[in-house]
2 protein chains.
Amino acid sequence: MAATIIDVARLCGYSKATVSRAYASPEAVSEKAREKIYAAAKQLNYAPNAIARAMVRQQTENIAFIIHEKQYPAILNPFYSPMLEAAMQEGTRRNYSLFVTTSQDIHLPNGDIYIKKHMDGVIFAGEVDIRVIEEFRKQSIPVVLVNNYLDMDGLVCISADHYGGAVQATEYLCKLGHCKIGLLSGRFSPQVSEARIEGFVKTLAKYDIPVDDRFIADIEPALEDGEEIMTRMLRGVDRPTAFFCTNDTIAAGAMKAVTRAGLRVPEDIAIIGFDDSYISRVVEPELTTVRIDAAKMGCLAMQTLFDLIAGMPVEKAHIQIPTELIVRGTA
Amino acid sequence: MAATIIDVARLCGYSKATVSRAYASPEAVSEKAREKIYAAAKQLNYAPNAIARAMVRQQTENIAFIIHEKQYPAILNPFYSPMLEAAMQEGTRRNYSLFVTTSQDIHLPNGDIYIKKHMDGVIFAGEVDIRVIEEFRKQSIPVVLVNNYLDMDGLVCISADHYGGAVQATEYLCKLGHCKIGLLSGRFSPQVSEARIEGFVKTLAKYDIPVDDRFIADIEPALEDGEEIMTRMLRGVDRPTAFFCTNDTIAAGAMKAVTRAGLRVPEDIAIIGFDDSYISRVVEPELTTVRIDAAKMGCLAMQTLFDLIAGMPVEKAHIQIPTELIVRGTA
DNA sequence: CTGAAAGCGCTAACAT
DNA sequence: ATGTTAGCGCTTTCAG
């Protein structure tokens, strides 16, 4: 069907080796040859076959970005978007392509773990099954984990400083003079949730503010859940004057509840989010939140992966990205 | 390095053909053989090499989803998210993987158009250079265009009924009694923008409402732009009581402007959006908008592509998805 | 700078 | 049910 390197070679009179070089290393071929070859190729609609190339070179220039099914609406997930985006750009820069898939794409008929397409490297986002990682490493495929932390020998993990971020947020609320502060905590992977909760609790302790269990909620990190729980909390006696929400989506839901109850943010209830995702700017007033530099995480993940692919040793297994408090209108 | 089919064959005593079959068509191999083969494979950490397989089968089970650079923050783009999502799920169902890339990934050193990785089919989202499509078809790679319409022979295009959606929105506003209605039109691909504008204008005509050019804006479809233009329009004398925004992002920006001006949505200014994207539910009050079933479009795009790959003839080149008015709180 | 030839790892007839 | 064999299209020594 499609023209092959042989057809081109035949048409232009050069050998297929030379044709190959005209694409793989143009500078190694005389200008005259190059011209003739490209002309012949054009005439035949020839385009090099990446599969064949990958086969002999034993590398595909493909990277997989794998997201756990549970978090699957990942592309929808305003947190992962910029990460993916940055990773893609970094990949493109190096002539790599990014495969975005879920973890269900990596199983074999016999039940074994395996990545269907050959990948030069893999980025796991968020939760992962440890066995999957082990399996990949057995097959000598470099792996980096982003937005999660697992204590495996030599496994590079890139995550945000969830603890620090929670401290920044809580401290800010305390300094504002709030002395009744609630927590709307979303269910993420245990490490993440726990770190954020811990930051909150320890900071309250530092400021001698008691933790009131009635105003601590453990919910799914969705808009409706945020709204629902806040509606309920608003009815509580002696309710807090401020809430720390462990992501922006929850915070947006909480804001809705406050508004609908006829109260005002931040005058009646101050709210602070986490992630600095896109929605922090669509709500009005705009959300005060803890910024995670997701783009940086994505970029770093790719760069680290490239190093690994190039055989460079791991310098630091656990890279933690600092967070930053972004003060806007809700607290 | 990695074990090959030959190593497995040697270890288990079967031929490599049988080993191959144990993976490609397990039912064609005796149970005993399968067990031995899988055991040997496990011992050697063997996993079939997808590249080699793709090479001989001449198909990769990969689909590319290509978004024009201009719209690149596509993953960020709340409109494309559900589309991508649905496409991925549909792909997974058929054992295909989805490559998400930009249009810049498809050029050759010599300037020719070409897709670096071999793909069994390609979905273009939004704007595309016609020459790119021509080139793909020359290389006999099936193509479908989604969220855009191009009149090319036999090219399948899947788009929403932009005209109809604009009519629904405008008509609703008219029926509500608004007789001064503004338009905040975002710059999308010409076909899309024009269809939406036309729907707006014709509907006003139908209701004998004059079109006031002072309250028609042509802007970038971004939050800030929506806010900025609305702030300006609010200062206009004899200003509209309602605005039709050609996407939700613009509408959200416009809502901010209204709120900041101390006015209320929808009491003072009614607003209606387009897309029914995620943000239509994060704003408060929630946005009345025209729903485009982006998930359906993504799913349909994949299904059509699979048909094309299977060699089935194109039944209908231009598939138009109907829109639906979703009435919520802003109009 | 160019050519000849040996594979890369797997599948798909065709036999047995 | 299993084995034999001939490639898939390209890159890469090694020579010239």
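Treat the numbers as computed from the prediction; the structure is a model and nothing was measured. We name chains A, B, ... by the order of the sequence lines, and we start the count at 1 in each one.
Rounding to whole angstrom units, CD of residue B:Glu27 and C1' of D:dA1 are separated by 13 Å. Rounded to an integer number of Å, the gap from CD of A:Gln59 to C1' of D:dT12 is 14 Å. When rounded to the nearest whole Å, the span between CD1 of B:Ile6 and C1' of D:dA6 equals 14 Å. Rounded to whole Å, the distance from CD on A:Glu31 to C1' on C:dC1 is 14 Å. Separating the CE atom of B:Met55 from the P atom of C:dC8 is a distance of 12 Å, rounded to the nearest angstrom. Atom pair A:Asp7:CG and D:dG9:P shows a separation of 9 Å (rounding to whole Å applied). Protein atom CD1 of A:Ile51 is 18 Å distant from nucleotide atom P of C:dC8, rounded to whole Å.
B:Ser15 pairs by the side chain to side chain donor-acceptor pair (under 3.5 Å) definition with B:Thr18, not counting sequence neighbours. Judged as a side chain to side chain donor-acceptor pair (under 3.5 Å), and not counting sequence neighbours, the contacts of B:Gln320 are B:Asp161. Scanning for salt bridge (Lys or Arg N to Asp or Glu O under 4.0 Å) contacts around B:Arg93 gives B:Glu90, with sequence neighbours left out.
Residue pairs satisfying the salt bridge (charged side-chain N to carboxylate O under 4.0 Å, His left out) criterion with at least one member in residues 6-24 of chain B, sequence neighbours excluded, are listed as follows: B:Asp7-B:Arg10.
Residue-to-nucleotide proximity on DNA chain D shows that, of B:Gln58 and B:Val29, the 5′-proximal contact is made by B:Val29.
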Could you pull out every donor-acceptor pair under 3.5 Å between side chains of residues 293-300 of chain A and any protein atom, sequence neighbours left out?
from     : atom 1 : to       : atom 2 : distance (Å)
A:Asp293 : OD1    : A:Lys296 : N      : 3.1

Reading 5' to 3' through nucleotides 11-16 of chain C, protein heavy-atom contacts under 4.0 Å coded B for base, S for sugar-phosphate only, - for none: BBB---
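A:Ala33 comes within 4.0 angstrom of the backbone, heavy atoms only, and of no base.
The shortest distance between side-chain heavy atoms of A:Tyr23 and A:Arg34 does not fall below 4.5 Å. Residues A:Ile292 and A:Ile321 have side chains not in contact (no heavy-atom distance under 4.5 Å, counting atoms from C-beta outward).
In the set D:dT2, C:dC10, D:dG9, D:dT2 carries the atom at the smallest distance from any side-chain atom of B:Ser30.
The side chain of A:Ser15 places an N or O atom within less than 4.0 Å of a non-bridging phosphate oxygen (OP1 or OP2) of C:dG3.
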